[in-house]
Amino acid sequence: MSLALARKYRPATFDDLIGQEAVSQTLSLALESDRLSHAYLFSGLRGSGKTSTARIFAKALLCEKGTTSHPCGVCSHCKMALESRHMDIIEMDAASNRKIDDIRELIEHTKYKPAIARYKIFIIDEVHMLTKEAFNALLKTLEEPPEFVKFILATTDPLKLPATILSRTQHFRFRKIPQNVVAKHLEHILNLEGVAYESNAIEIIARSGAGSVRDSLTLLDQAIVYSKNFINIETVTNMLGIIEPSLLEALIADVLMKNELKILAFIDKASEFEAEMVIDELMLYLKEILLSGSHKITPMIIERFFRVLADAKTLLSIGADGEFVLSLTLFKMMESLQIKEIDAMIRSLEMELSGVELKEKITPIITEPEPIKEKAVETPVEIPSKIIKPLDEGVKLFEGLMVKMYDRNYDLGECFKNSIEYVSFNNNTLTWESSANDEEKTLLKNHWGMIRMFVQEIFGFDTKIKNVSKELPRTVEAPQPIIEPSFSRWEEDEPLSMIEEEVLGLPLEQELEEEVPMKNSCVAPSDGGVESAKEKDERTILDEPMVAKAIELFAPKTVRIKRKKWNPWSEKSSQMTDMTSNSYETMVCLETANALEDSRVIQPNETHILKVIVS
């Protein structure tokens with residue numbers, strides 16, 4: 001009677017174990033040095049060799065030659081252990097004997113000495129299936145068993161074991177067996193069986209086994225029967241119901257080339273397969289490309305493809321239509337190739353900042369697959385012959401200032417555009433060049449408060465304005481004002497604003513001269529040569545430089561000269577002075593018909609009175 005390959009080629013010695021060198025070496029040294037524990041725990045993936053290792057270890061403990069890592073295999077104990085009929089090797093399946101009564105029966109057996117061997121060995125498979133009460137009943141015996149008792153526990157899920165069990169055993173972790181090791185083992189068995197095969201087909205079987213030797217041998221047994229003693233890719237893929245690797249390779253090439261017609265043809269052909277299986281195979285294929293060190297696809301493109309495939313798995317998990325999800329996934333993979341790479345984006349940004357117009361169309365860097373003979377035509381990169389310096393930051397800000405001017409007052413915006421030219425903006429100083437004529441100067445001066453407010457809003461609150469005139473300013477011919485002397489009293493107001501240095505074209509860097517203390521003529525009758533201390537004559541007040549300048553700037557239609565009596569006891573006088581009640585201030589009132597704009601809101605077409613006080 002023929003046996004299954006998994007049973008026929010079960011390891012009989014530590015040397016026959018594959019992929020578990022660390023475990024076999026540790027147990028072998030423990031046997032040779034006679035440093036044995038009373039309880040062992042083997043954990044790992046199904047088919048990784050836990051139960052086989054437990055049987056080999058039990059046979060090594062009972063061999064007539066003594067505890068050795070290489071049992072003879074010919075003595076009665078070795079033969080009985082190999083045939084699974086030794087009286088002192090008790091195997092127990094915890095999945096079917098999981099209750100406390102089963103553990104009590106096992107504990108009862110530990111009280112009796114072995115029948116014919118030196119040890120009584122208990123192998124408990126799938127030990128994590130025991131109940132909580134069964135674990136508690138086993139604790140004491142597992143911690144301090146008789147000298148002739150050895151426990152070997154095996155499980156696929158060690159996390160389900162209580163910490164009290166783990167602390168009483170030596171834990172050996174069986175790792176997942178690599179795919180190439182499993183494939184070599186399968187080829188060795190096929191050579192012993194005399195079955196022909198293709199290496200690529202064996203690799204598919206080893207990959208489908210997912211690191212389990214037993215699962216791989218089961219699939220190999222099935223493939224031998226299905227392929228009639230010749231295992232090739234076609235028979236294996238048909239048997240497993242998976243898609244051929246060559247189709248996946250062609251599919252990835254079509255995605256990279258953005259061949260929509262071939263992709264649609266593949267979707268139609270793949271309708272006979274499960275969409276989830278196709279997506280899984282695509283993931284495995286991309287993984288092989290990445291780990292093989294091949295340059296078919298860059299890691300960046302593989303990462304994008306993997307994200308798209310992961311999203312497809314999520315859609316399938318909520319019950320979406322498989323064929324639609326597969327179609328959507330393939331087109332999303334093709335679309336992901338159009339995303340700019342980080343290096344390309346950095347180069348693009350650097351060139352934009354340097355003021356160079358980009359002429360290169362950025363495409364993802366893709367190395368074509370090996371089967372595709374056609375070579376993609378690379379777009380030549382035009383290297384600029386001359387690098388233009390970056391634009392001054394103040395230019396854009398000055399353009400924004402111009403827009404604000406137009407929004408607030410169109411005539412002012414036209415005047416500003418025609419007469420003011422941007423020069424520079426450095427160290428919070430805005431420098432412009434003015435070519436305004438007399439009429440334009442008047443308009444700019446009348447709206448200076450608004451202009452300065454916009455400059456501080458756009459360039460910064462601490463911004464200073466430096467005006468450079470192209471030509472010498474000409475004197476504005478003001479119409480002859482109508483002089484109406486009057487000495488009636490009127491309420492004292494604060495002046496609306498003072499003409500700033502920028503308007504007059506004076507450089508901001510020039511520091512104001514230290515003010516000379518004024519001497520009041522009433523307090524110090526002797527003027528001492530100081531112009532401000534001299535008495536003023538109302539008849540010549542219009543010839544005063546400050547008054548003449550004010551008349552020139554504001555072009556009033558009426559000028560009134562008023563005299564106000566000084567009251568030392570008024571609210572604005574904080575202390576008594578020695579001025580007599582007959583002291584007067586002379587004021588020149590300028591009535592203008594044009595609206596003056598400053599930081600306050602002023603309705604247009606109002607008549608405003610400007611006062612120039614001359615003491």
Side-chain angles (χ1 to χ4, degrees), residues 11 14 17 19-20 22-31 33-62 67 81 84 86 88-114 117-177 211-212 214:
F14 287 114
L17 287 174
Q20 308 297 344
V23 175
S24 60
Q25 181 179 358
T26 304
L27 293 177
S28 298
L29 293 175
L31 289 168
S33 60
D34 197 20
R35 299 181 65 88
L36 302 173
S37 176
H38 60 276
Y40 295 88
L41 174 63
F42 298 160
S43 66
L45 183 71
R46 67 187 187 283
S48 57
K50 300 184 296 298
T51 305
S52 299
T53 304
R55 291 177 179 177
I56 295 171
F57 189 60
K59 182 173 63 174
L61 288 173
L62 303 182
T67 55
S84 301
H86 201 291
D88 293 324
I89 300 177
I90 304 170
E91 290 193 29
M92 174 183 170
D93 181 18
S96 55
N97 302 278
R98 58 193 302 266
K99 297 183 180 180
I100 188 173
D101 293 337
D102 300 318
I103 297 300
R104 284 173 179 170
E105 184 179 353
L106 182 146
I107 295 173
E108 192 67 23
H109 281 290
T110 61
K111 297 178 180 180
Y112 304 101
K113 290 186 177 181
R118 68 174 64 90
Y119 295 111
K120 180 175 283 190
I121 303 171
F122 294 89
I123 301 176
I124 306 176
D125 203 3
E126 302 297 334
V127 68
H128 66 275
M129 300 295 290
L130 293 178
T131 62
K132 180 180 179 181
E133 293 77 10
F135 276 125
N136 292 334
L138 183 62
L139 286 178
K140 188 61 178 177
T141 304
L142 189 63
E143 182 179 7
E144 296 179 356
E147 295 180 356
F148 51 82
V149 172
K150 301 292 182 184
F151 284 100
I152 303 177
L153 313 179
T155 179
T156 56
D157 194 354
L159 298 178
K160 291 184 179 180
L161 297 180
T164 51
I165 295 293
L166 295 174
S167 64
R168 287 167 170 79
T169 59
Q170 283 191 10
H171 191 180
F172 290 84
R173 295 173 177 84
F174 286 66
R175 64 180 184 176
K176 178 181 176 181
I177 303 177
S212 173
R214 183 172 62 243

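The line from CG of Asp88 to CG of Leu62 is 7.0 Å long, rounded to the nearest 0.5 Å. Here the CD-OG1 distance, from Glu143 to Thr164, works out to 9.5 Å after rounding to the nearest 0.5 Å. Note: Leu130 CG to Leu161 CG = 8.5 Å, rounded to the nearest 0.5 Å. Between the CZ atom of Arg98 and the CD atom of Glu133 there is a distance of 9.5 Å, given to the nearest 0.5 Å. Atom OG1 of Thr155 is separated from atom CD1 of Ile165 by 11.5 Å, given to the nearest 0.5 angstrom. Between atom CG of residue Leu106 and atom OG1 of residue Thr141 there is a gap of 8.0 Å, rounded to the nearest 0.5 Å.
Within the 3.5 Å criterion, the main-chain N or O of Leu45 finds a donor-acceptor partner in the side chain of Ser48. Here the side chain of Lys120 pairs a donor or acceptor atom with the backbone of Tyr112 at under 3.5 angstrom. Not one N or O on the side chain of Lys160 forms a donor-acceptor pair closer than 3.5 Å with the backbone of Val127.
The 12-atom threshold is exceeded at CD of Gln170, counting heavy atoms of other residues, nucleotides or ligands nearer than 6.0 Å. Heavy-atom contacts from other residues, nucleotides or ligands closer than 6.0 Å to CD of Glu105 number 12 or fewer.
Considering all non-hydrogen atoms of both residues, His38 and Arg168 come closest at NE2-O, 3.7 Å. For the pair Ile100 and Ala137, the tightest heavy-atom approach, listed with the atom from each and the gap, is CG1-CB, 4.0 Å. Taking each heavy atom of Lys50 and Thr156 in turn, the nearest pair found is NZ-CG2, 3.8 Å. When all heavy atoms of Ile124 and Ala94 are compared, the closest pair comes out as CG2-CB, 3.9 Å. Heavy atoms only, all atoms of each residue included: Arg118 and Thr67 are closest at NH1-N, 4.1 Å. The two residues Val149 and Thr110 come nearest to each other via the heavy atoms CG2-O, 3.9 Å.
One finds a salt bridge joining Glu91 and Arg55 here, because a Lys/Arg side-chain nitrogen approaches an Asp/Glu carboxylate oxygen to under 4.0 Å. The existence of a salt bridge linking Lys99 and Asp102 is excluded, since no basic side-chain nitrogen approaches an acidic carboxylate oxygen closer than 4.0 Å.
Side-chain atoms of Asp34 and Leu36, non-hydrogen and from C-beta on, do get closer than 4.5 Å to each other. With contacts defined as side-chain heavy-atom distances shorter than 4.5 Å, the pair Phe42/Leu27 qualifies.
Note: Phe172 and Tyr40 have tilted aromatic rings, judged against thresholds of 30 and 60 degrees for the angle between ring planes.
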